[in-house]
Structures are given as structure tokens and as C-alpha cells.
Amino acid sequence: MTVEAIVFDVGCVLYQWQLSHLFKRIVDDPARLDFLLSEVVTEEWHFEHDRGRALADMVPERIALYPDYEAEIRAYATRFNQTIPGPVPGSIELVERLAARKVPLYAITNFGAEFWAGFRPTAPVFDRFRDIVVSGEEKLAKPDPAIFDLARKRFGHDAGAMLFIDDNAANIAAARVLGWQVHHFSDAPQLERDLSDRGLI
């Protein structure tokens with residue numbers, strides 16, 4: 001089927017994301033860093049913000065559980081942009097090429113609302129996108145089918161007419177079940193080949 005629109009994930013597709021990128025700057029002790037990332041500020045806990053929980057609830061609750069890590073937990077809340085080292089090599093260039101060909105561009109991202117508000121102004125590439133569904137704003141997160149249904153309605157294209165690009169296998173599987181065309185992202189060169197094969201660039 002012809003692709004009418006392309007829907008990107010953000011983290012690890014357009015922009016790199018690593019909690020450790022922040023904490024390696026502020027924690028010198030390897031054992032403390034390991035415990036911090038495996039038990040305190042974990043991706044699983046962070047996902048609660050992606051799903052819509054407010055930092056005002058999450059941070060005090062976590063500090064109460066791990067009072068010795070208060071400084072690191074507060075840094076997570078106030079310095080989140082430092083968990084984003086920069087763009088995924090080659091991906092932003094692909095967005096620009098697609099935009100130049102006037103391919104409709106959208107995104108579905110698992111991103112906390114407060115963190116998105118702080119990150120979005122630093123990334124002008126999103127000016128190329130017609131709409132972006134942010135999980136923390138909607139209180140829905142991938143791979144929940146409901147966020148894909150919401151996106152389909154907002155974007156105004158049939159699921160089968162959109163190409164969804166994500167690095168997460170569970171998100172790709174959920175979109176495929178719902179009838180979306182999919183690309184399981186590993187790197188920009190592979191995506192470039194797929195887009196070229198589809199006649200999109």
C-alpha cells in the first residue's frame with residue numbers, strides 16, 4: 001500500500017536518550033552509579049512520567065524511598081535534557097529530506113509532558129511535523145493500542161496508509177496488529193534504504 005504519511009518515534013530514533021548520560025556527570029563512584037540506575041532512577045520508574053504522572057508526585061515519593069539519593073533524583077527532574085546527548089546520526093537529515101518532498105510528517109512519542117515542554121524548544125526539527133502525540137500529555141503510552149487509535153484520528157490518515165518508525169519491538173508489534181505499515185528502526189542508513197525502496201526519498 002502507498003505511504004501517505006510517516007510517523008516517527010522520538011527517543012532513540014530521532015534523538016539519543018540515556019539516563020546514564022546525565023548521571024555519569026554527577027556521580028563519580030561506579031557502585032553508586034550502578035545502584036542509582038538499576039534501583040533508584042530506573043527506566044521503569046521514568047516510564048511513569050511518560051504515562052502521565054506528575055513530577056511533583058513522583059519526585060518526593062522517590063526521595064522518601066531513597067533519601068540518600070535526593071540530589072540525583074532532583075537532578076533527574078531539573079536536568080532531564082542532559083539525558084539526551086544529541087540527534088541519532090543521520091535521522092534528522094532524513095526528516096529534512098522527507099520534508100523537502102512535502103511528505104506529511106507526524107510523531108508518537110513516549111515522553112513526559114513536563115520534560116517535553118523543556119525539550120521541544122531545543123529541537124527545531126519538530127517544526128517540520130504537522131502533529132505530535134505526546135504520551136505524557138495524553139496519559140496514554142505506547143504500546144497501548146489506544147494511543148495509536150488517538151494518533152490515527154488526529155493525523156487524519158488510515159492506519160494502513162501510514163509508516164510508523166520505532167526502535168521498540170513491542171511498539172512495532174502493536175502498530176502492526178492495528179494495520180499500520182512499520183519500520184523497526186536500528187539506524188539511519190537502514191531506514192534510508194527502506195524509505196528509498198518505498199519511493200519516499
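Computed from a prediction, not measured in an experiment: that's the story for all the values here.
Salt bridge absent: Asp149 and Lys153 never bring a charged side-chain N and a carboxylate O closer than 4.0 Å. Ion pair Glu70/Arg74 flagged as a salt bridge, since at least one NZ, NE, NH1 or NH2 atom sits closer than 4.0 Å to an Asp/Glu carboxylate oxygen. For the pair Asp166 and Lys142, the salt-bridge criterion is met [side-chain N within less than 4.0 Å of a carboxylate O]. Ion pairing of Glu61 with Arg53 is present here, as a side-chain N (NZ or NE/NH1/NH2) and a carboxylate O approach within less than 4.0 Å.
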Note to self: Pair Arg79, Gln82 - check side chain to side chain donor-acceptor pair (under 3.5 Å), show working.
What the structure shows: CA-CA 6 Å; Arg79 298 171 60 179; Gln82 293 179 44; 3.0 Å; yes

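Centroid-to-centroid, the aromatic rings of Phe8 and Phe164 stay 6.0 Å apart or farther. Annotation: His157 is in aromatic contact with Tyr106 [ring centroid separation under 6.0 Å]. Note: Phe111 and Trp17 fail the aromatic proximity criterion, with ring centroids not under 6.0 Å apart.
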Please tabulate, for the side chains in residues 116-125, all donor-acceptor contacts under 3.5 angstrom to protein atoms that are two or more places apart in sequence or on a different chain.
unit_1 : atom_1 : unit_2 : atom_2 : d
Arg120 : NH1    : Ala123 : O      : 3.3
Arg120 : NH2    : Asp127 : OD1    : 2.6
Thr122 : OG1    : Phe119 : O      : 2.7

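The line from CD1 of Ile63 to CD1 of Ile73 is 5.5 Å long, rounded to the nearest 0.5 Å. Summarising the geometry, atom CZ belonging to Phe35 is positioned 9.5 Å from atom CG belonging to Asp68; distances are rounded to the nearest 0.5 Å.
In this pair, Phe115 and His46 present their aromatic rings parallel. The plane angle is below 30°, not in the 30 to 60° band.
Side-chain contact annotation: Gln181 with Arg176, donor-acceptor N/O pair under 3.5 Å absent.
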